[in-house]
There are 2 protein chains.
Amino acid sequence: MSGRGVTISEVARHAGVAVSTVSYVLSGKRAISTDTRRRVLDSVRTLGYHPNAGARALASKRANVIALVLPLRAGMHVPVLMQFATSVVTAARQYDHDVLLLTADEGSDGLRRAAASSLVDGLVLMDVELHDSRVPLLKELAEPSVLIGFPADSAGLTCVDLDFARAGALCVEHLAERGHREIALLGAPSVVYERGTGFARRTREGFTEAVAQHGLTGVALPCEENFDQVSAEIGELLDTRPGLSGLVVHNEAAVNHVLGALRQYGRRVPGDIAVVAICPDDIAERSSPALTSVLIPAEEVGRQAVRLLMEKLEGRAVPEDTLLQPRLTVRNST
Amino acid sequence: MSGRGVTISEVARHAGVAVSTVSYVLSGKRAISTDTRRRVLDSVRTLGYHPNAGARALASKRANVIALVLPLRAGMHVPVLMQFATSVVTAARQYDHDVLLLTADEGSDGLRRAAASSLVDGLVLMDVELHDSRVPLLKELAEPSVLIGFPADSAGLTCVDLDFARAGALCVEHLAERGHREIALLGAPSVVYERGTGFARRTREGFTEAVAQHGLTGVALPCEENFDQVSAEIGELLDTRPGLSGLVVHNEAAVNHVLGALRQYGRRVPGDIAVVAICPDDIAERSSPALTSVLIPAEEVGRQAVRLLMEKLEGRAVPEDTLLQPRLTVRNST
DNA sequence: CGCCTCTGTCGAAGCGCTTCGATAATCGGT
DNA sequence: ACCGATTATCGAAGCGCTTCGACAGAGGCG
């Protein structure tokens, strides 16, 4: 019942078998008679046995822990990151792994330490920049890793992400179908573009290409995250482009400010201006009007990242790039 | 240089000493001559030695890892939770500990497993409810724990939190000083109150008491998080209480909707209505006007939680309750 | 000058587990 | 009824580290 420091040898004694037999029952790595298995499992249960993680890691050279590397940078939308994080944890548990949380302040040393000490078997990196200082390190590490996001040079790395270029294009296509001819993209704060964060740029590229392809007029602008700046930006946009009738907003923190500013300027959504957002569903649903949006499938991204990492841990080959297809949900803003 | 699987015995050989000597140099648990120490540290550096975490945990019965238990519930403001989380990680590293991330979906079993397998030495629980199912489990665990937040019965537990009652009172005092006589508190979504989350209730109590004490008129209302509901609620509030001139908002997600709604109804802030928020500084600063606010000192809460846990791990006695004092920053909304 | 106390170092015994090779016991085939 | 191939189980050797006790050598004391 208790579980306080029950060891495998106590289980073995209780079940009347050898220590190794218990181990094999638990790991399934050798055939064990149904009878013995049952006895052992009974003992495990009644004694409340939990294998000691350290001992297991030492003997098997597998910690059953993966690292989640999560730098927290300005302008990143935290709830989305958190969705990634939880889905990584949940997925990892499904493979019987736990998750060690590593943040930025330790820098590359943290990764190196966790990997070299065999604290973790592999790494999932989030919020990857185009020129990310952690990427070279990754290549010299023995431990496998998976990136959420794409660095500039992703050769030899395993990367997963939403296809943001496609997401940008999807928004444009939707607006084009609705008959809009002049549109604008309000993206991440400029600091995010300057840092070279991949997803912001890729959305912009997808937007720009699709605008050209559909023969529309369009601008792509960065978008800060406080109300006054958003309001000023929208004001200028409406002034200089009187024909503007569609907006794509790829900035979770600013999207409600955008709606507030449009309200302020007396523009009705979707009557005067249609708005498509790239954001999680809950934000889209909480806005007024509820926003037509392209969902960032955080849950699936995390799950895929873990799946790929597990494959690599098994020594299997995996595709370098995994791009998840975005889906657009129509609500009341277009 | 490499670091790939360098063991303590290789370091010992390289430095020409015994394995135990290397261990003592690294742990400082026995006196070692400066000369030997230098030689050993040199070898450690040139070989790129990192002690194997599993072996260390096995031999020393200390994993040097703490668990961060983070249920993700509806209505919780994620960025604030994330601030707690990062400050816990940062603080833990300062004590040479890593952080294992445990989420809700596994429930109590996750805690039990992590503790019983000696994966972690102690636990930090976040987002504690008044009647939290994890609390009884904690008491039966051998591993020490610290809660961020207070359950209804905190006897025998170590809890840290902002003094939310004081925070609520502080807001009232500030409004009273500014001459407001009739005020309202817009709090968490009703689901959060129903769940019995401590901080929401405590703020409300602090608010209510202070209102009475200062002879003001005041109501405390829950506040949902989508614009239309907030707008309707504000509309009704303005209608039914024409004398209302001050608002306390304790809801990070709704605070911008509140400002939007006031704008919509033509009320000027702070001219017609003064607004005080209880929220992180970045939200207060990004709003328009910048909000007078009481800061939730997430960084300090996390740091204190870890400090207390480390004290407990050392076997030292610690106070059961730690309440951090809120501070009010005056900006442009009052 | 012999005795005792420190200091600095060493060797060895585990920590609890996995895994390899060995050994009984069982079975089908002839 | 005997032999070789399974099948089920066991014992022992580590995995890399910490820690305990032992012990030389240095130094202080009477």
Would you please name every residue forming a side chain to side chain contact (heavy atoms under 4.5 Å, CB included) with [X], sequence neighbours left out?
{"X": "A/Gln325", "answer": "A/Asp163, A/Arg166"}
{"X": "B/Arg113", "answer": "A/His50, A/Arg93, A/Asp98, B/Glu106, B/Leu119"}
{"X": "B/Val89", "answer": "A/Leu101, A/Thr103, B/Val99"}
{"X": "A/Glu300", "answer": "A/Pro297, A/Arg303, A/Gln304, A/Leu324"}

Atom pairs, protein N/O to nucleotides 17-20 of chain D N/O, distance under 3.5 Å:
{"residue": "D/dC17", "atom": "OP1", "partner": "B/Tyr49", "partner atom": "OH", "Å": "2.6"}
{"residue": "D/dC17", "atom": "OP1", "partner": "B/Asn52", "partner atom": "N", "Å": "3.2"}
{"residue": "D/dC17", "atom": "OP2", "partner": "B/Ile8", "partner atom": "N", "Å": "2.3"}
{"residue": "D/dT18", "atom": "OP1", "partner": "B/Arg56", "partner atom": "NH1", "Å": "3.0"}
{"residue": "D/dT18", "atom": "OP2", "partner": "B/Ser23", "partner atom": "OG", "Å": "2.9"}
{"residue": "D/dT19", "atom": "OP2", "partner": "B/Lys29", "partner atom": "NZ", "Å": "3.1"}
{"residue": "D/dC20", "atom": "N4", "partner": "B/Tyr24", "partner atom": "OH", "Å": "2.6"}

*asked:* If you assign each of A/Lys61 and A/Gly16 to its closest nucleotide in DNA chain D, which residue comes earlier from the 5' end?
replied: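 Nearest nucleotide further toward 5': that of A/Gly16.
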*Can you list every side chain to side chain donor-acceptor pair (under 3.5 Å) pair that touches residues 145-160 of chain B, not counting sequence neighbours?*
B/Thr158-B/Lys312
_B/Leu309: which of B/Val318, B/Val88, B/Val160, B/Val124 passes side chain to side chain contact (heavy atoms under 4.5 Å, CB included)_ = B/Val124
_Between the side chains of A/Asp42 and A/Arg39, is the shortest nitrogen-to-carboxylate-oxygen separation below 4.0 Å, so that they form an ion pair?_
no
Name every donor-acceptor pair, under 3.5 Å, that has one atom in a side chain of residues 13-27 of chain B and the other anywhere in the protein, sequence neighbours excluded.
{"residue": "B/His14", "atom": "ND1", "partner": "B/Ser43", "partner atom": "OG", "Å": "2.8"}
{"residue": "B/Ser27", "atom": "OG", "partner": "B/Ser23", "partner atom": "O", "Å": "3.2"}
{"residue": "B/Ser27", "atom": "OG", "partner": "B/Lys29", "partner atom": "N", "Å": "3.3"}

*May I ask you to verify if any side-chain N or O of B/Ser33 is less than 4.0 angstrom from the OP1 or OP2 atom of C/dT9?*
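Checking C/dT9 against B/Ser33, a side-chain N or O does come within under 4.0 Å of OP1 or OP2.
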*Whole-Å gap separating C1' (C/dC15) and CG (A/Leu58)*: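 Taking atom C1' of C/dC15 as the reference, CG of A/Leu58 is at 9 Å.
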*asked:* Without decimals, in angstroms, what is the distance between A/Ile32 CD1 and C/dT26 C1'?
replied: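 Result: 16 Å.
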Please list, pair by pair, any protein nitrogen or oxygen found under 3.5 Å from a nitrogen or oxygen in nucleotides 24-28 of chain D.
none

*asked:* What residues from residues 34-42 of chain B pass a heavy-atom cutoff of under 4.0 Å to DNA chain D?
replied: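 Contacts with DNA chain D under 4.0 Å: none.
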*Angle by which the axis turns from one end of the helix from C/dC1-D/dG30 to C/dT30-D/dA1 to the other, five pairs per end, to 10 degrees*: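 Nearest ten degrees gives 40° for this helix.
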*asked:* List the residues meeting ring-ring contact (aromatic ring centres under 6.0 Å, His included) with B/Phe84, not counting sequence neighbours, and say none if there are none.
replied: none
*Could I get the full list of side chain to side chain donor-acceptor pair (under 3.5 Å) partners for B/Ser108, not counting sequence neighbours?*
none
*asked:* A side-chain contact here means heavy atoms from C-beta on lying under 4.5 Å apart; do B/Pro51 and B/Ile8 qualify?
replied: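 No, too far: nothing below the 4.5 Å cut-off.
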*4.5 Å side-chain heavy-atom contact, B/Thr34 and B/Arg38*: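 Contact flag for B/Thr34/B/Arg38 side chains = no.
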